[in-house]
Amino acid sequence: MSETTIKSVASEQDRLIGNIIAALFAILGIGIIGVFIYSVLNNPDISEADTFNTTILNFLDSYGLIIPFLVFGLGIGFVYYSVKLFQRDIITSGWAQLTMFWTMVFSIIIIFVHIFQIVTTNISVAAEDRLPLNFTLIIGLVVLGAVTGAVWWWLTKNRDLVYDNGEETIASRESLVAWNLLIPTVVILILVAARPLERTFIGSLTDRTFAGSQDEVVQFVGVQNYTRLLSFRLDQVDCVRDEADECTTRIVQNEVETDESVEIDLDSIEALEPATLDVGLDFFQVDTLNRLLEENESFATALTAAVESTLAEESEGEVGAVEIVSMLEGGVVEVTVDGETQEVTVTDRLSTFEGLDLSGEDLNYVDDVSLGGLNTYRIRNPVLRNELSAIVETEFNVENDDTIDDVSVAGFNSFDTIDVTVTRLESSEETVYQNIREQVGEAYQNYSRVSTINLFGNRYILSARDAAFYIAVGNTLFFTFFAVLAELVLGMIIAMVVNSKFPGQGLMRAAMLVPWAIPTVVSAKLWEYMLIDNRTGLINDILVRFNLIDRPIAWLADSSTQIWSLIFVDVWKTTPFMALLLLAGLQTIPKDIYEAADVDGAGPVRQFFSMTLPLLRPTIAVALVFRTLDSIRAFDVFQVLLGRQLQSMATYNQFVLVEQQQFGYASAIGVTIFIIILIFTVIYVRALGVETD
Amino acid sequence: MYENQYVKIARQVGFWILIVLILLFTLFPFYWAVAGSFKSESEIKSPPATYFPNRVVFNNYWGEATDPILNQTVDRGVFRNLSFMRGLFNSALVSSITVVISLVVGSFAAYAIGRLKFRGRTLMLYLVLAMTMFPLISILSGLFTITRELGVFGSLSALIITYPIFTLPFTVWVLVSFFRGLPGELEQAALVDGATPFQTFYMVLLPLTAPALVTTGLLAFIGAWNEYLLAVTFTVINEEAFTVPVAIVNFSGSISREEPIAEPLAATVIVTLPLVFLVLIFQRRIIQGLTAGAVKG
């Protein structure tokens, strides 16, 4: 064969090196397996284990399945290479070259990572805490890198000279290049995906924790973690029965508060009679007092006298010519004394202003604009307070009405009505149920209640050994369902709007990407401030401004609004993204079918349901799958806004792992979440008929 | 005739009202953050809320404040906040390295899967697709142990090592669809000229994929920049390795015993602004990339 090709013939020396390389592969192959077995046998956890089960467990715990599989695969592969290389097989030589190249590359990378790690760790650490360089590792890797590098270099130069058995086809070359390019991806995926997945699965069968010391004894606990995690029971709770075997009931009275108003006649209230209107100037609004000052001469005279006497008291002597300028807040009068402006606080009460006729018209000044004054007066004057209460009690016939528990005056609403809060008692009959813990007895020991369900007059209690997990699952599913639903509907509307041609469409689409680009954590933080429980928060301020709510709501503290707030934040963040996906789908629908439908007289609603929606189905399906799977693993929003108050599956898992340091149990939760998500994916793909490429 | 005109106008008005509503819904919170970052701490904490700063102040970004408890002047503002600035640096470092790794490794794999024929190609494709939907939380405990065993737990290296798990499959997936869209004549021409497949890749095809590389790189960057679960889990023991999201959540003000609002708002503006700019500049590409990753899948 060599005569027919134009290839130059390899020298004897090259052939010798070729055989040495073949031998090297055999040594490498056997070496890897040998070193692996040696290290397994010398691992104290494995060699000193008492039982067979512990041996297996400790082996799996330290090495898993992927590493032994790789080691034996590579080892046997190398021996096979070696045999093939001795036969001077050209295709094998290509794979040998690939192996050498990547071994060299990874040796170098590991050395760099190690040095980078040491350097970055040591930058800010005190001298005695610094990590040393692992020289054995580095020297080993340098030697390995050098040898493999040299072999790779030699193979690149002389491969097709020395190994002349067989022929390289385009297909085999392509395959070689492809795997050369894929190796980094495969290695990364093994390191950060396959190995962790395997560790999680194996870990979920152990009771490993991180709380203890380094050499804790890890026990293989089988499916115990899963039993603890998933055990639940649904009990029907019996009612407490009397002698006649009937369910006993008790009357429960619930207080129901309503806001009402009562009409009153100001003139009929004795406490407001001029003679008894015993209030200071500071009770009334400045406007009122200034009007009084302007229009009622006797008040002006009396006030001047009061100011003069106050000044005289302060200076203990002569006071110049006093002229009143105006009234200020809080009973302060601005005056000029001999031309100099001064502020004087008059503490006199209104009733002491002699000559001021507070009957009739003058009182009306007071009434007219001083609702605030009246309310303050009500609070400070016990006579008025009692009088108002008496009026209200008569109005509601409190003495003879058993349903009314309490009526309290909230304050003047206008001059002829006051607001009252009426507390009524509504009694209802309620069956008395047994305590579930007592009813079930011993078997209930480890359980706690997840939720209570009243169905067809029976009461059921769902309990679980890990109630927190079940609650987290419930929260997550609730969150996912409503968030994704709202996103789909809103996203659809937005996509339809933006789909029509209008100037600035590009800008509009860019603007819609903004919420998507904001980190979830940041958007959660931002919404935390906007949802603050007083009017400094945007949401409460807007709602109060437009009279949609009476007083600010504690969105994130109130258990009834918590999850809705989270859903809202999530909807804000992801709806624009959903809209963009749907928009991309909408734009693939040809415009002329709508023109045809217009000609046929189909209305816009009909067009939407019988054309747009079916044509958009694949896009909607994919968008739904993505969003649902995203929501089920929601972590950031829950963690930042509610922390431990309300947990999702992901935050619960992270909490168990990081805070409680229960590695085994957290792994079981992780696997369970994985299975839940898998089930969802399968259901979705089946139900919506998502076509995979 | 006239009625039609009115209906038309009413429709136009309704349409623009909808547009304005959508814009308010998507952009107002961000405006709120920007406005809040220029308010004084006392203004932002006194109800009712103001929609424009009464007095524009800059000390949430860079300035000074008097600490009533220590009774001395202290630095104030996010640019003077050491832990926040370190967070920015950490995030930039981790995200850039992640992007480089994902692009280099990912474009290799995408070329192999998208353009070359070999056994195991379909398997690799499905593996990558499965990985893009993989719930990170499920293997959190596995990653946790692996970072501990590698001795990188609590350091930035832990993040650099683990971030490709969510950026790499996505990068590969988007680039594969891009490589498949390129005309086949290019490679044939290159082959005729005697180029090896690898030369064809980096001399002919890779320059053509530059736009796709920019898009996927950007998406990977945003993904890594915004990542929180791994960051908070792996850096929990080391405040110096906090990335920006973790730093913002643990934001503490300059004044003792004060829980600031205006300063964190300034921080959110700083973190978001680069992303908003990138998004505005590359919006067409990003939308293409996202829809390639999602709609075609």
Counting only non-hydrogen atoms closer than 4.5 Å, does [X] touch chain B with its backbone (N, CA, C, O), its side chain (CB onward), both, or neither?
| X | result |
| --- | --- |
| A/Leu197 | both |
| A/Leu189 | side chain |
| A/Phe635 | side chain |
| A/Val177 | both |
| A/Val192 | both |
| A/Leu629 | side chain |
| A/Ile532 | side chain |
| A/Ile677 | side chain |
| A/Glu528 | neither |

Choice from B/Ile222, B/Ile261, B/Ile248 maximising heavy atom contacts with chain A below 4.5 Å: B/Ile261
Interface residue of largest heavy-atom contact number with chain A, from B/Arg121, B/Arg119, B/Met131, B/Glu149, under 4.5 Å: B/Glu149
Per-residue contact mode, B/Ile19 against chain A (heavy atom under 4.5 angstrom): both
Candidate pair B/Tyr111 and B/Phe108, rule ring pair (Phe, Tyr, Trp, His ring centres under 6.0 Å), full reasoning: CA-CA 5 Å; B/Tyr111 172 67; B/Phe108 283 3; 9.1 Å; no
Option that, when pairs with chain B are counted at under 4.5 Å, heavy atom only, ranks first among A/Asn540, A/Thr651, A/Asn653: A/Asn653
Which of A/Val522, A/Thr185, A/Thr588 touches chain B most, by non-hydrogen pairs under 4.5 Å: A/Thr185
Proximity of A/Phe502 and B/Phe15 rings by center, below 6.0 Å: yes
Chi angles and distances behind the ring pair (Phe, Tyr, Trp, His ring centres under 6.0 Å) call for B/Phe144, B/Phe153: CA-CA 8 Å; B/Phe144 191 76; B/Phe153 183 72; 5.0 Å; yes
